[in-house]
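Down below is the structure, laid out as structure tokens.
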Amino acid sequence: MATTPAPHPQAPPKPTWDPRDPVRPLLRPTIRIRLTLLYGGMFLIAGILLLSIIYLFTAQALSDSTSQLPFKVVNGTVQPTTSWCRLPESPTGDQLNDAVTLCLRHQSDLALDDLLRRSLFALLGLSIIAFAFGYAMAGRVLSPLGRITRTARQVAGSDLSRRIELDGPDDELKELADTFDEMLDRLERAFTAQQRFVANASHELRTPLAINRTLLEVHLSDPGAPVELQQLGKTLLATNERSEQLVEGLLLLARSDNQIIERKPVDLAEVAERGVDQVHAEAEAKDVEIRGERAPAVVQGNGVLLERIALNLLQNAVRYNVPEGGWVEVTTEAKDGQAVLVVSNTGPVVPAYEIDNLFEPFRRLRQERTGSDKGVGLGLSIARSVARAHGGRIIAEPREGGGLVMRVTLPI
């Protein structure tokens, strides 16, 4: 007898509200309410002050106009008391009334002009006070944003341990600061995990490659080994060396993408000299002349990483050069508050649209990603990352006649 399966219990409906968001009071002291009350109160106070001042000025103007009439009655005769109030000498009733009316109207105009002048001065004074008070109150209300900005700048310098820890009412600014602190916690954990991974990868990748190199060198040192085996060993040794260069380049690229925390005075001229010494033998073998004047240019940074910039640029300049009679010019100088390292060389013509591609990892000019004996394609990528980590930049420009001009600028 077939049995019908029991129906699955219906899933409860999903809530339409976020259960992680706590219920907040309706009169939460948000920054919007605080700014509304602040500027509304300022407008109300300024309006009351201006109304009071205008009322006082009006009362004074009316008092002055009624206490000093432009005419006086002497023995039944009306006589003017000011130069602008003119009355007829033998007026009739209508003529006298019209003349007195004109005098009173002119006096009212003078009182209104005086009232307008005083009101404008009062408005100007109140405006200055209102702007000063508003500037001070806006600075007080927005001061948490300045604290958030300063913390963000410190974090941009790779100080991920900084936190805002904003105190005060539970408004939008405090919510933003708390969210920023939570993001920094996650970033710090992520960077710590990345550093741990780089350290572990460095050990795990270098060890087998070092073992392979040792075994190959031992077998190649055997004089009784067949020629074919020796040739195979040399090929494998070159491949292993290329793999070691690739691993070292990737690890250095990962480390140099972060800002440099520990900085020491480093002279770019000395760094360039070391790079020249390391490529001197290769330059002689390729008939490439290295020249240039190197003036002192001291920067704050990591000497090992800065030496890597000079070495990578020099290696590229020597390897990607003309077959005969080539040259590489290396200069350093301090100019306009910046230390400048310039490496220019002869070589093949480089199109301007290919410049940006040269800084991408594993990219070479008109070559495949693999199969080149001139490097692993990470030299310029590492140089750009190290320059950025030191707060500088590197610019490449095609040289007229062929070759490149590499310019590295670092803050002093």
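Quick note: residue numbers are just sequence positions, from 1.
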Problem - Check against side chain to side chain contact (heavy atoms under 4.5 Å, CB included), Ile395 and Ile355 - result: CA-CA 9 Å; Ile395 301 176; Ile355 295 297; over 6 Å; no
Measure across [X] and [Y] and return the closest heavy-atom pair with its distance rounded to 0.1 Å.
X      : Y      : value
Ser344 : Val405 : CB-CG2, 3.8 Å
Pro223 : Gln230 : O-NE2, 4.3 Å
Leu314 : Ala272 : CD1-O, 4.2 Å
Val350 : Gly403 : CG2-O, 4.1 Å
Ala297 : Ala334 : CB-N, 4.1 Å
Leu305 : Val386 : O-CG1, 3.4 Å

Nearest 0.5 Å please: distance from the [atom1] atom of [X] over to the [atom2] atom of [Y].
X      : Y      : atom1 : atom2 : answer
Asp222 : Leu229 : CG    : CG    : 8.5 Å
Leu380 : Asn316 : CG    : CG    : 4.5 Å
Arg388 : Leu410 : CZ    : CG    : 13.5 Å
Leu404 : Leu358 : CG    : CG    : 6.5 Å
Glu307 : Leu268 : CD    : CG    : 11.5 Å
Lys335 : Thr409 : NZ    : OG1   : 11.5 Å

Problem - Salt bridge present between Glu273 and Arg294 (N-O < 4.0 angstrom) - result: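 Yes.
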Problem - Ion pair Glu270/Arg274, N-O distance below 4.0 Å - result: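 The answer is yes: the pair qualifies as a salt bridge.
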Practice task
Give the C-alpha distance, both sets of side-chain angles, the deciding distance and a yes or no for side chain to side chain contact (heavy atoms under 4.5 Å, CB included) between Val318 and Lys286.
Solution key: CA-CA 8 Å; Val318 171; Lys286 293 181 176 294; 4.0 Å; yes
With sequence neighbours left out, what residues match [X] under side-chain contact (heavy atoms from CB on, under 4.5 Å)?
X      : value
Val298 : Pro265, Asp267
Ser221 : none
Ile53  : Phe57, Ala122, Leu126

Given 3.5 Å as the limit, does a donor-acceptor pair link the side chain of [X] with the main chain of [Y], or not?
X      : Y      : result
Arg399 : Asn345 : yes
Asn240 : Leu236 : no
His390 : Leu306 : no

Handout entry: Validation row: Gln300, Val266 side chains within 4.5 angstrom (heavy atoms)
Key =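 A side-chain contact under 4.5 Å is absent here.
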Ignoring hydrogens and angles, write down the donor-acceptor pairs under 3.5 Å from the side chains of residues 323-333, residues two or more places apart or on other chains.
residue: Thr332; atom: OG1; partner: Ala295; partner atom: N; Å: 3.2
residue: Thr332; atom: OG1; partner: Ala295; partner atom: O; Å: 2.8

Exercise for the section: Just jot down the salt bridge (charged side-chain N to carboxylate O under 4.0 Å, His left out) partners of Asp277, sequence neighbours excluded, or say none. Expected result: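 Residues passing salt bridge (charged side-chain N to carboxylate O under 4.0 Å, His left out) with Asp277: none at all.
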Practice task
Would you sort out whether Lys234 and Leu237 count as a side chain to side chain contact (heavy atoms under 4.5 Å, CB included), showing the intermediate values?
Solution key: CA-CA 5 Å; Lys234 291 180 180 179; Leu237 188 61; 5.5 Å; no
Practice task
May I ask you to check whether Gln278 and Gln315 show a side-chain donor-acceptor distance below 3.5 Å?
Solution key: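 There is no such pair (donor and acceptor under 3.5 Å, judged by atom type) between the side chains of Gln278 and Gln315.
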Practice task
Check the pair Leu313 / Ile394 against side chain to side chain contact (heavy atoms under 4.5 Å, CB included), numbers first and verdict last.
Solution key: CA-CA 11 Å; Leu313 295 182; Ile394 178 171; 3.8 Å; yes
Problem - CZ (Arg407) with more than 12 external heavy atoms under 6.0 Å - result: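 No.
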Do any side-chain atoms of residues 180-189 form donor-acceptor pairs under 3.5 angstrom with protein atoms, and if so which ones, sequence neighbours left out?
residue: Asp181; atom: OD1; partner: Ile164; partner atom: N; Å: 2.9
residue: Asp181; atom: OD2; partner: Glu165; partner atom: N; Å: 3.1
residue: Asp185; atom: OD1; partner: Arg163; partner atom: NE; Å: 2.7
residue: Asp185; atom: OD1; partner: Arg163; partner atom: NH2; Å: 2.7
residue: Glu188; atom: OE1; partner: Arg163; partner atom: NH2; Å: 2.6

